[in-house]
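The residues of the chain are indexed from 1 along the displayed sequence.
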Amino acid sequence: MSLVVNLGMWLERFVIVVISLTRDFMPSAFGRYSATAWDYATFAGTIGLFVMLLFLFVRVMPQFRSLRCVNWSLTTSEDHE
């Protein structure tokens, strides 16, 4: 579900940028926006950064949980001795 929300936010931002770049304040400068290679590279880079941070979170998060279980088991074993 979060990926759908993220995609919707990106599409909303794209629509805002395209409309603002298409309509200039001078009627003689009206034209159609076409994305360049840098625009696509920036978009792909931000998606790549998001995926990298997501994978990093998935890799590190179970370690926090296992550390909490180890600390919990150490405290309970000391209580019973």
Side-chain angles (χ1 to χ4, degrees):
M1 183 66 179
S2 64
L3 293 176
V4 174
V5 171
N6 197 15
L7 178 67
M9 290 175 64
W10 273 111
L11 291 176
E12 178 187 9
R13 179 60 62 184
F14 183 75
V15 166
I16 291 170
V17 169
V18 168
I19 290 174
S20 66
L21 290 177
T22 301
R23 297 290 180 200
D24 198 6
F25 292 109
M26 297 178 59
S28 62
F30 283 0
R32 187 155 209 186
Y33 174 75
S34 60
T36 63
W38 286 108
D39 296 328
Y40 290 121
T42 302
F43 180 69
T46 54
I47 295 297
L49 180 66
F50 172 75
V51 170
M52 182 192 71
L53 291 174
L54 178 69
F55 285 159
L56 185 65
F57 175 76
V58 168
R59 181 178 172 98
V60 171
M61 191 58 192
Q63 294 175 2
F64 289 137
R65 186 172 185 181
S66 65
L67 283 175
R68 190 177 75 182
C69 290
V70 167
N71 289 338
W72 179 75
S73 66
L74 289 176
T75 57
T76 57
S77 65
E78 291 172 358
D79 293 338
H80 292 291
E81 290 180 9

**Student:** Side-chain heavy atoms under 4.5 Å apart, restricted to Ile/Leu/Val/Met/Phe/Trp/Tyr: what other residues fall into the cluster of Val5, or is it alone?
**Tutor:** Met9
**Student:** Less than 4.5 Å apart, any side-chain heavy atom of Val15 and any of Glu12?
**Tutor:** no
**Student:** Between Asp39 and Phe14, is there a side-chain heavy-atom distance shorter than 4.5 Å?
**Tutor:** no
**Student:** Please go through Val4's hydrophobic cluster and name the other residues, only I, L, V, M, F, W, Y counting, with side-chain heavy atoms under 4.5 Å joining them.
**Tutor:** none
**Student:** Are Leu3 and Phe55 co-members of a hydrophobic cluster defined by side-chain heavy atoms under 4.5 Å apart?
**Tutor:** yes
**Student:** For Leu7, what are the other residues in its hydrophobic cluster, where any two members join if their side-chain heavy atoms are less than 4.5 angstrom apart?
**Tutor:** Leu11
**Student:** State the CH2-OG1 distance between Trp10 and Thr46, to the nearest 0.5 angstrom.
**Tutor:** 3.5 Å
